[in-house]
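What follows is a single structure, written as structure tokens, with notes after it.
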Amino acid sequence: MTSPALRDRPSTSTYRPGCVAAALPARAGIGLKPQHFLAVLDTRPNIGFFEVHAENYMVDGGPFHHYLGRIREDYPLSLHGVGLSIGSEGPLDEAHLDQLAILIARYDPVSFSEHLAWSTHGAFFNDLLPVPYDCATLARVCEHIDRVQERLKRPMLLENPSTYVEFTASTMSEARFLRNILQQTGCGLLLDVNNAYVSCVNHGRDALAFINDLPLDAVDEIHLAGFSSDQDAAGAPLLIDSHDTPVDSAVWALYAEVIERLGPMPTLLERDNDVPPLSALLAEAQRAQDLMHKAATLKPADVVEWSCV
């Protein structure tokens, strides 16, 4: 249980929660990959937005900037960070924050998001590692998000993680932990439906019940991706958030449930490994778009209420 003092913790940021952020279009988008730069420029696909990983563009010039600049002229852009280490015990890397600020000034993305994870501890680890859900971690994560929003002068979105282990030190659920973060910092939630499914299978929980417990009224973007399957040492199923396969049918079913309740939402199709031709990603984006269209055309009496308490 979060103590009253921690729950009422004042923000230290000059960014004021409650400011209205620009929103991505409530359509499907895809991650922009270098192998698709020319195809995007040649075909101008009817897609809602593109998303890029910020760390791939933290250089002054070069072909990545050349093509992203041209594509940004015609499409909304979402900037997704993978290296801020929001959950780290140490302070945030101010040089990294400065580079993010430069990117945001250059491309004016509609949205910026990061992960509830850590990746630095004296060195950088090429992974998104889990945090314990306790009061000390909550206070530290909120301080870090305050600092990010202050430096970038905009609200950010925080993505729910995919996890393979849990901490015995945790004193609250992931959903409660996220709810407290959002309440205390004013940031939004990036709901990664694949991460929710992967984590719940790995920990033997019901994914729909987990999503139902999240602060869904704070969701501003959704991610969909594929996973790979393995087994742990005991022979139990172990799912890996690998982003190297199409979206699984179970994740599509969860997404359909979410969209039926929330209505159309900005939805990103992620593929970071074994990247297929652009046409394959656009086909997955169209599937998400079709589900959004179906949800939008439901009669009010057919829409099921989903509590966001």
Side-chain angles (χ1 to χ4, degrees), residues 24 31 51-58 78-93 96-97 99-100 103-104 109 111-121 123-133 137-138 140-149 151-152 154-167 170 174-175 177-182 184-200 202-203 210-211 214-215 218-227 239-244 251 266-273:
L24 290 167
E51 185 164 284
V52 297
H53 288 167
E55 286 72 14
N56 290 335
Y57 293 83
M58 289 183 172
S78 176
L79 195 63
H80 191 48
V82 295
L84 255 183
S85 199
I86 290 286
S88 64
E89 290 190 347
L92 293 177
D93 184 336
H96 193 103
L97 264 179
Q99 289 178 306
L100 277 174
L103 273 178
I104 285 173
S111 176
F112 170 71
S113 55
E114 250 287 358
H115 300 80
L116 176 58
W118 62 276
S119 53
T120 55
H121 186 72
F124 181 79
F125 303 97
N126 190 25
D127 210 337
L128 297 166
L129 301 167
V131 299
Y133 301 135
T137 307
L138 176 62
R140 184 173 68 251
V141 169
C142 286
E143 289 173 1
H144 288 170
I145 291 174
D146 281 347
R147 176 57 188 148
V148 172
Q149 295 183 143
R151 178 66 184 87
L152 301 183
R154 61 164 62 203
M156 62 168 282
L157 305 182
L158 187 67
E159 180 180 331
N160 58 294
S162 57
T163 58
Y164 313 102
V165 296
E166 294 183 301
F167 291 87
S170 292
E174 181 178 311
F177 190 80
L178 284 165
R179 189 179 301 113
N180 281 326
I181 291 172
L182 271 57
Q184 293 178 29
T185 66
C187 74
L189 179 62
L190 193 169
L191 172 57
D192 191 310
V193 178
N194 184 65
N195 285 0
Y197 182 75
V198 164
S199 295
C200 287
N202 290 342
H203 304 311
F210 166 74
I211 291 175
L214 291 171
V219 174
D220 286 324
E221 184 181 343
I222 292 174
H223 275 189
L224 299 173
F227 59 77
L239 303 186
I240 308 297
D241 181 31
S242 53
H243 293 194
D244 60 358
V251 175
T267 300
L268 179 79
L269 278 299
E270 292 187 288
R271 189 74 69 89
D272 296 319
N273 299 296

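Here the structure is a predicted model, which means the values were calculated and not measured.
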Exercise for the section: Verify side chain to side chain contact (heavy atoms under 4.5 Å, CB included) between H223 and L190, making sure each step is shown before the conclusion. Expected result: CA-CA 7 Å; H223 275 189; L190 193 169; 3.5 Å; yes
Handout entry: Full working for side chain to side chain contact (heavy atoms under 4.5 Å, CB included) between S111 and D220
Key = CA-CA 9 Å; S111 176; D220 286 324; over 6 Å; no
Handout entry: side chain to side chain contact (heavy atoms under 4.5 Å, CB included) assessment of E270 paired with D192
Key = CA-CA 10 Å; E270 292 187 288; D192 191 310; 3.5 Å; yes
Practice task
Show the numbers, then the answer: is there a side chain to side chain contact (heavy atoms under 4.5 Å, CB included) between L92 and R151?
Solution key: CA-CA 11 Å; L92 293 177; R151 178 66 184 87; over 6 Å; no
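The aromatic rings of Y133 and F177 are tilted relative to each other, their planes meeting at an angle between 30° and 60°.
Judged by distance alone, the side chain of N195 and the main-chain N or O of N160 form a donor-acceptor pair under 3.5 Å. The main-chain N or O of G90 is found under 3.5 Å from a side-chain atom of H144 such that the two form a donor-acceptor pair. In this structure a side-chain-to-backbone donor-acceptor pair under 3.5 Å is present from N273 to S242.
For the atom pair CG (L189) and CG (L158), the distance works out to 7.0 Å, reported to the nearest 0.5 Å. Once rounded to the nearest 0.5 Å, the distance linking OG of S113 with CD of E51 reads 5.0 Å. How far CG of L100 is from CZ of F112: 4.5 Å, rounded to the nearest 0.5 Å. Taken from OG in S85 to CD in E114, the straight-line distance is 8.5 Å, to the nearest 0.5 Å. Expressed to the nearest 0.5 Å, how far SG of C187 lies from CD1 of I145 amounts to 4.5 Å. In this structure, CD in E143 is found 10.0 Å from CG in L138, a value given to the nearest 0.5 Å.
Across all non-hydrogen atoms, the minimal contact from Q149 to T185 is NE2-O, 3.1 Å. C142 and I181 make their closest contact through SG-CA, 4.0 Å (heavy atoms, listed as atom of the first residue, atom of the second, distance). Shortest non-hydrogen contact noted between G87 and V141 is CA-CG2, 4.1 Å. The shortest heavy-atom contact between G226 and N194 is O-ND2, 3.7 Å. Looking at every heavy atom in both residues, S162 comes nearest to S199 through CA-OG, 3.2 Å. Heavy atoms only, all atoms of each residue included: L103 and A54 are closest at CD1-O, 3.3 Å.
No side-chain heavy atom of E174 sits less than 4.5 Å from a side-chain heavy atom of P130. In this structure, L268 and L224 have side chains that are not in contact, with every pair of non-hydrogen atoms separated by 4.5 Å or more.
Judged as a side-chain contact (heavy atoms from CB on, under 4.5 Å), and not counting sequence neighbours, the contacts of N202 are Y164, V198, L238, L239.
Of the candidates H115, E221, H53, E55, H115 is the only one forming a side chain to side chain donor-acceptor pair (under 3.5 Å) with H80.
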